[in-house]
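Working notes, structure below.
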Amino acid sequence: MSAFPVFMEMEDETCLIVGGGRVAYRKAHVLCQTGARVHVISKTFDERFVGLKKDGVQCHEVNDGVEAVKDWLQCEKIALLICATDDAEINHRLACLGKMHHIPVNSATNPKDCTFYFPSLVRRGDLTIGVSTGGKVPALSRMAAEQIGQMFPDWYGKLTRVSGQAREKMKGLSFSFEERKNILESILKTGIKYEGNIDEATVDQMIQKNQAVNKNDH
């Protein structure tokens, strides 16, 4: 069965990562960029976690990760549980705990223990593209994301912002759904044609021009 891709709002949600190695660091790095409250528990931590602490990631030294997770699940609402120790059996036990509490779980050692997978991401402002192989071949998803990234230059971030603003402006105007759709597509095609060199003034002119035509038609 293929996994269904879902984009979740993580702002201020609590994410718990168990493990302090390279894999845990990589997942903590991704999550802290979403605005989530990221907590990592481990006996030891990769030195790169020092940098993540500056971004708000909180590291907690514990001797028994399983018992620590039990305490967390009793006291805190957890949005995501990431099992990223170097011990497959411990990760399995942690995953079972998360599932018992109906918490989405990701395991670094066994895809069958996962209820969600970390995709390889391409970010251009608010435009986010995720690629996943369902935990089977993470290296392939990373390679695919790199290729996709080459197809979407940085200016797609600006185009997303400008066209998003245009969409909001048109909601308050007397356009039909089909008219708004056509105008937005025209804005996007213009932005792509000129490689993101489209500003708010140009967009406003395109909206006003279509608004004038709309009035004349009626």
Side-chain angles (χ1 to χ4, degrees), residues 1-15 26-38 52 54-57 77-80 82 102-104 106 115-134 141-218:
M1 296 291 289
S2 297
F4 180 70
V6 175
F7 289 90
M8 299 172 60
E9 288 291 344
M10 297 304 298
E11 185 77 28
D12 291 328
E13 296 288 346
T14 298
C15 299
R26 188 170 68 243
K27 299 190 183 232
H29 177 68
V30 171
L31 286 172
C32 76
Q33 297 178 52
T34 68
R37 293 184 291 162
V38 182
L52 288 185
K54 298 177 182 177
D55 295 326
V57 174
K77 181 180 178 182
I78 306 297
L80 299 176
I82 294 88
H102 306 290
I103 298 170
N106 176 267
T115 57
F116 79 96
Y117 305 101
F118 264 78
S120 295
L121 297 175
V122 177
R123 294 187 187 276
R124 301 292 183 264
D126 287 329
L127 174 64
T128 303
I129 303 167
V131 184
S132 174
T133 59
S141 65
R142 289 195 293 271
M143 291 173 64
E146 288 176 1
Q147 292 183 349
I148 293 171
Q150 294 173 8
M151 299 168 57
F152 292 88
D154 290 342
W155 52 260
Y156 268 86
K158 177 184 176 183
L159 181 58
T160 303
R161 176 177 56 78
V162 172
S163 57
Q165 291 172 343
R167 184 169 178 263
E168 288 300 313
K169 289 178 181 178
M170 286 189 290
K171 286 181 179 179
L173 301 175
S174 57
F175 290 120
S176 67
F177 171 82
E178 193 65 25
E179 288 168 338
R180 290 198 301 271
K181 175 175 172 289
N182 291 336
I183 296 169
L184 187 59
E185 287 184 355
S186 178
I187 291 170
L188 290 170
K189 288 178 181 177
T190 300
I192 292 172
K193 179 180 179 180
Y194 294 105
E195 298 185 343
N197 289 319
I198 182 171
D199 55 24
E200 293 180 39
T202 301
V203 169
D204 287 343
Q205 290 175 2
M206 295 176 70
I207 293 174
Q208 291 168 8
K209 179 180 178 180
N210 281 277
Q211 191 174 19
V213 171
N214 187 44
K215 288 181 178 179
N216 292 333
D217 287 344
H218 291 81

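We use all heavy atoms of the structure for the numbers below, so side chains are in, but hydrogens, waters and symmetry mates are not.
- Minimum interatomic distance between F175 and I207 (heavy atoms only, all atoms of both residues): CZ-O, 3.8 Å.
- The side-chain heavy atoms of I183 and M170, taken from C-beta on, include a pair separated by under 4.5 Å.
- Among I198, I187, L159, the one residue that satisfies the side-chain contact (heavy atoms from CB on, under 4.5 Å) test with I192 is L159.
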Working for salt bridge (Lys or Arg N to Asp or Glu O under 4.0 Å), residues R124 and D154: CA-CA 6 Å; R124 301 292 183 264; D154 290 342; 3.7 Å; yes
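- Aromatic ring orientation, F118 versus F116: tilted (interplanar angle from 30° to 60°).
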Evaluation steps, side-chain contact (heavy atoms from CB on, under 4.5 Å), between Q165 and V203: CA-CA 9 Å; Q165 291 172 343; V203 169; over 6 Å; no
Verdict with supporting geometry, E9 and T34, side-chain contact (heavy atoms from CB on, under 4.5 Å): CA-CA 8 Å; E9 288 291 344; T34 68; over 6 Å; no
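- Atom SG of residue C15 and atom NZ of residue K27 lie 12.0 Å apart, to the nearest 0.5 angstrom.
- The two residues S163 and L184 make their nearest non-hydrogen contact at O-CD1, 3.6 Å.
- How far CG of N106 is from CD1 of I82: 6.5 Å, rounded to the nearest 0.5 Å.
- Taking the side chain as every heavy atom from C-beta outward, K158 and R161 approach each other to under 4.5 Å.
- Taking the side chain as every heavy atom from C-beta outward, K171 and E168 approach each other to under 4.5 Å.
- The shortest distance between side-chain heavy atoms of L80 and L31 falls below 4.5 Å.
- Counting heavy-atom neighbours within 6.0 Å of F7 CZ, excluding the residue itself, gives a total above 12.
- You'll find the side chain of E195 stays beyond 4.5 Å of the side chain of P153, heavy atoms only.
- Two residues are said to be in side-chain contact when any heavy atoms from C-beta on lie closer than 4.5 Å; L121 and T128 meet this criterion.
- Taking every heavy atom of both residues into account, E200 and K169 meet most closely at OE1-NZ, 4.3 Å.
- Counting only N and O atoms by type, the side chains of S120 and R142 include no donor and acceptor under 3.5 Å apart.
- The two residues I103 and T115 have their closest heavy-atom pair at O-OG1, 4.3 Å.
- From E179, atom CD reaches atom CG of L173 across 11.0 Å, with rounding to the nearest 0.5 Å.
- Shown here for V131 and A144, the closest heavy-atom pair between the two residues is CG1-CB, 3.9 Å.
- Between T160 atom OG1 and F152 atom CZ the span is 9.5 Å, to the nearest 0.5 Å.
- Considering all non-hydrogen atoms of both residues, S186 and M206 come closest at OG-CE, 3.3 Å.
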